[in-house]
Amino acid sequence: MLSKSFFDRPAPEVSRDLIGATLLHEGVGGAIVEVEAYDEADPASHSFAGPTPRNRVMFGPPGHAYVYKIYGIHYCLNFVCRPGSAVLIRALEPVFGLETMRERRGAMPDKNLCSGPGKLAQALAIDLTQNGLALDAPPFEIGAAEMGHDIATGTRIGITKGVETPWRFVKAGSPFLSKPLPKATREL
DNA sequence: CACAAGATTGCCT
DNA sequence: GGCAATCTTGTGG
């Protein structure tokens, strides 16, 4: 179980350590295989322009969930790190509550149940209800990653500013990513 | 397989 | 009024 101090570090560092960690919401979830880091000095970040009603949780204490609605339709789940920074959870390898996830997502290959931030939120039933909740207590349960897998980094997806910042972290070669990594810029 | 477009809401300019 | 850390469906090759 990850404690709040785990998140009291720079977002890229937390991102790296989250690959392979287990994320459950009400017992449904799996292994994190893709995340992105954002911080206050980053023009792509919601926190770049300072606190607003939507992003205020990003400026609160580490170890809480920041959930926002995007494109009016989907939800995205983040883990707040140091104030103004967070990690966007982009993809999971679905492991627990597979039947529940299939019902929520509709007919599709299991590898696409959680292969993107909006899909993941739908599969785990994440919405604004969870915004601001602590990550070290129910309904969340987050388990530390096992060591030994390869981590690759690349540029982030879906943004128009800060496009060169290599703060996308993935489990190398995972079939559960939102998109394959174009080119591994670095292996850790 | 690749690409294009629509859905739909809140926030900022 | 425009755009956003996205997904699905439809078209064409």
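When reading the values below, keep in mind they use all heavy atoms of this one structure, side chains included, and skip hydrogens, waters and symmetry mates.
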Got a list of protein N/O to nucleotides 8-11 of chain C N/O distances below 3.5 Å?
residue : atom : partner  : partner atom : Å
C/dT8   : OP1  : A/Arg105 : NH1          : 2.7
C/dT8   : OP1  : A/Arg105 : NH2          : 3.0

Are the aromatic rings of A/Phe79 and A/Phe7 close, with centres under 6.0 Å apart?
-> yes
Ring center gap for A/Tyr38 and A/His46 short of 6.0 angstrom | no
Evaluate side chain to side chain contact (heavy atoms under 4.5 Å, CB included) for A/Thr165 paired with A/Arg156, printing each intermediate quantity in order.
-> CA-CA 7 Å; A/Thr165 305; A/Arg156 295 170 295 180; 3.6 Å; yes
Considering every strand and a 4.0 Å limit on heavy-atom distances, what is the contact class for [X]: base, sugar-phosphate, or nothing?
{"X": "A/Ser178", "value": "nothing"}
{"X": "A/Ile73", "value": "base"}
{"X": "A/Gly118", "value": "sugar-phosphate"}
{"X": "A/Ile159", "value": "sugar-phosphate"}

What is the distance, rounded to the nearest whole Å, between atom [atom1] of [X] and atom [atom2] of [N]?
{"X": "A/Glu34", "N": "C/dA5", "atom1": "CD", "atom2": "P", "answer": "16 Å"}
{"X": "A/Asn78", "N": "C/dA4", "atom1": "CG", "atom2": "C1'", "answer": "14 Å"}
{"X": "A/Leu77", "N": "C/dC7", "atom1": "CG", "atom2": "C1'", "answer": "17 Å"}
{"X": "A/Leu177", "N": "C/dT6", "atom1": "CG", "atom2": "C1'", "answer": "16 Å"}
{"X": "A/Arg104", "N": "C/dC7", "atom1": "CZ", "atom2": "P", "answer": "17 Å"}
{"X": "A/Tyr71", "N": "C/dG2", "atom1": "OH", "atom2": "P", "answer": "17 Å"}
{"X": "A/Lys69", "N": "C/dC7", "atom1": "NZ", "atom2": "C1'", "answer": "14 Å"}
{"X": "A/Lys161", "N": "C/dC3", "atom1": "NZ", "atom2": "P", "answer": "11 Å"}

Are the side chains of A/Thr155 and A/Arg168 in touch, meaning some heavy atoms are under 4.5 Å apart?
-> no
Is the NZ or CZ atom of A/Arg54 positioned over A/Tyr68's six-membered ring, under 6.0 angstrom from the centre and within 45° of the axis?
-> yes
Tell me the partner of B/dC11, counting only Watson-Crick (N1-N3 plus N6-O4 or O6-N4) or G-U wobble (N1-O2 and O6-N3) with both under 3.5 Å; none if nothing fits.
-> C/dG2
What's the verdict on side chain to side chain donor-acceptor pair (under 3.5 Å) for A/Glu34 and A/Ser174, showing C-alpha distance, side-chain angles and the deciding distance?
-> CA-CA 9 Å; A/Glu34 176 179 351; A/Ser174 170; over 6 Å; no
Co-membership, hydrophobic cluster, residues A/Val80 and A/Ile126, 4.5 Å side-chain | no
With a cut-off of 6.0 Å (strictly less than), are more than 12 heavy atoms of other residues, nucleotides or ligands near NZ of A/Lys111?
-> no
Does OP1 or OP2 of C/dC3 have a side-chain N or O of A/Thr160 closer than 4.0 Å?
-> no
Worked check of side chain to side chain donor-acceptor pair (under 3.5 Å) between A/Gln122 and A/Arg104 | CA-CA 7 Å; A/Gln122 186 183 18; A/Arg104 289 170 177 165; over 6 Å; no
Do any of residues 38-68 of chain A sit with a heavy atom less than 4.0 Å from DNA chain B, and if so which?
-> A/Thr52, A/Arg54
